[in-house]
2 protein chains.
Amino acid sequence: MAMAEERTSHRPAPVHSHPDEVPILTALAALADPVRIQLVRELAGSPEWTRTCGSFDVPVGKAALSHHFGVLRAAGLVEQRDEGPKRVNRLRREEFDARFPGLLELVLRADLG
Amino acid sequence: MAMAEERTSHRPAPVHSHPDEVPILTALAALADPVRIQLVRELAGSPEWTRTCGSFDVPVGKAALSHHFGVLRAAGLVEQRDEGPKRVNRLRREEFDARFPGLLELVLRADLG
DNA sequence: TGGAGTGTTCGATGAAGACCATACACTCCC
DNA sequence: GGGAGTGTATGGTCTTCATCGAACACTCCA
């Protein structure tokens, strides 16, 4: 029998999708939202694992914000990890780019006009 | 004074957007739909100006189909021209690719799984 | 001139999803 | 233990949009 991983938290870990299992429709739908584009762009401009969910400058309440992060996780765009009471984020640049070459860069580079 | 173009038709010409004036959000939203992806892909596999609107194999009625073509025109993805009673289509490959490099190819190449 | 073929417009309906306020759960530190 | 800080879940509202049926407009040809 395999040993279970040591359980240091009583909080359910966030559910992730790897980009490789994400349909292109899901990826496009996830990126076709102004709030989520903003999240991705701010995340791209910060070192990995440095941004907590509440640290983003978006004009929505925290409930909606939590929802958006769920969509980004499901699309394979964002990875999350619990650090104490906070939840820190990382943009899955390489993995996502391997699955959808150029898409992420397009969103990061384009002027939103 | 410039001469007006000879008017050979009494039907209003379809309204187009050039990809250069299309916000990326509009482009992503236009592509985040299974019916429209199918239209783009079939169009990509046919010579220009050969496909009429009704010639596509999509599971929607003609009213919805007309709506989808309107969205594709507004996103700078499709150009239309009237030919007699029919309306023929052309995928704006080069122009769209110049504005959003790689995006169209991504949609054409990806398995929809 | 009138009918067949093609596509758009209109009005209505139903589903999806973006949002909020509230309540809850978990972690840390005093 | 209790309170502050952080994020999630729930229930409800509102908007957007995909869809349809039906009516309409235009073109071509018999």
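Only this structure's heavy atoms are used, side chains among them; waters, hydrogens and symmetry mates stay out. Order of the sequence lines fixes the chain letters, A, B, ..., with proteins taken first and strands second; residue numbering starts at 1 for each chain.
- Remark: the backbone N or O of A/D57 is paired with a side-chain donor or acceptor of A/E42 at under 3.5 angstrom.
- When side chains are defined from C-beta on, B/L31 does not count as touching A/I24, because their heavy atoms never get closer than 4.5 Å.
- A heavy-atom distance below 4.5 Å is found between the side chains of B/F56 and B/R51.
- Dashed line: the shortest gap from a side-chain N or O of B/S9 to OP1 or OP2 of D/dC26 is not under 4.0 Å.
- In this structure, B/L39 atom CG and D/dA18 atom P are separated by 12 Å, rounded to whole Å.
- Of the listed nucleotides (C/dG7, D/dT27, C/dT27), C/dG7 has the atom at the smallest distance from the side chain of B/C53.
- The shortest distance between the side-chain N/O atoms of B/R11 and the OP1/OP2 oxygens of C/dT6 is not below 4.0 Å.
- In this structure, the nucleotide among D/dC20, C/dC20, D/dG7 sitting nearest to the side chain of B/A64 is D/dC20.
- Placement of B/L103 and A/L108 within a single hydrophobic cluster is found when ILVMFWY residues are connected by side-chain heavy-atom separations under 4.5 Å, directly or transitively.
- Counting to the nearest Å, the P atom of C/dC28 and the NE2 atom of A/H10 are 11 Å from each other.
- For B/Q80, whose side chain is taken as the heavy atoms from C-beta onward, the closest listed nucleotide among C/dT8, D/dA18, D/dT27 is C/dT8.
- One atom, CG of A/L65, and another, P of C/dT22, lie 19 Å apart when rounded to the nearest Å.
- At least one side-chain nitrogen or oxygen of A/H67 sits closer than 4.0 Å to the OP1 or OP2 atom of C/dA18.
- Using a 4.0 Å heavy-atom cutoff across all strands shown, A/D33 reaches sugar-phosphate atoms only and no base atom.
- For the pair B/L28 CG and D/dC17 P, the computed distance is 14 Å after rounding to whole Å.
- When rounded to the nearest whole Å, the span between CZ of A/F69 and P of D/dT8 equals 8 Å.
- Between A/D82 atom CG and C/dC28 atom C1' the separation is 13 Å, expressed in whole Å.
- The phosphate of D/dC17 has neither OP1 nor OP2 within less than 4.0 Å of any side-chain N or O from B/H68.
- We find that CG of A/L31 is positioned 12 Å from P of C/dA18, with the value rounded to whole Å.
- In the set C/dA21, D/dC28, C/dC28, the nucleotide with an atom closest to the side chain of A/A63 is C/dA21.
- Of the two residues near DNA chain C, B/N89 and A/A32, the one whose nearest nucleotide lies more 5' is B/N89.
- Between C/dT9 and B/S66, no contact under 4.0 Å exists linking OP1 or OP2 to a side-chain N or O.
- Set against C/dT27, D/dT19, C/dT6, the side chain of B/K86 has C/dT6 as its closest nucleotide.
- Taking 4.0 angstrom as the limit, A/R87 places a side-chain polar atom (N or O) nearer than this to OP1 or OP2 of D/dT8.
- Note on B/K62: every side-chain N or O is 4.0 Å or more away from OP1 and OP2 of C/dG7.
- If you take CZ of B/R36 and C1' of D/dT19, they are 12 Å apart, rounded to a whole angstrom.
- Residue A/D20 qualifies as enclosed at atom CG: its count of foreign heavy atoms under 6.0 Å is above 12.
- A 4.5 Å side-chain heavy-atom check between A/R87 and A/R11 finds at least one atom pair inside the cut-off.
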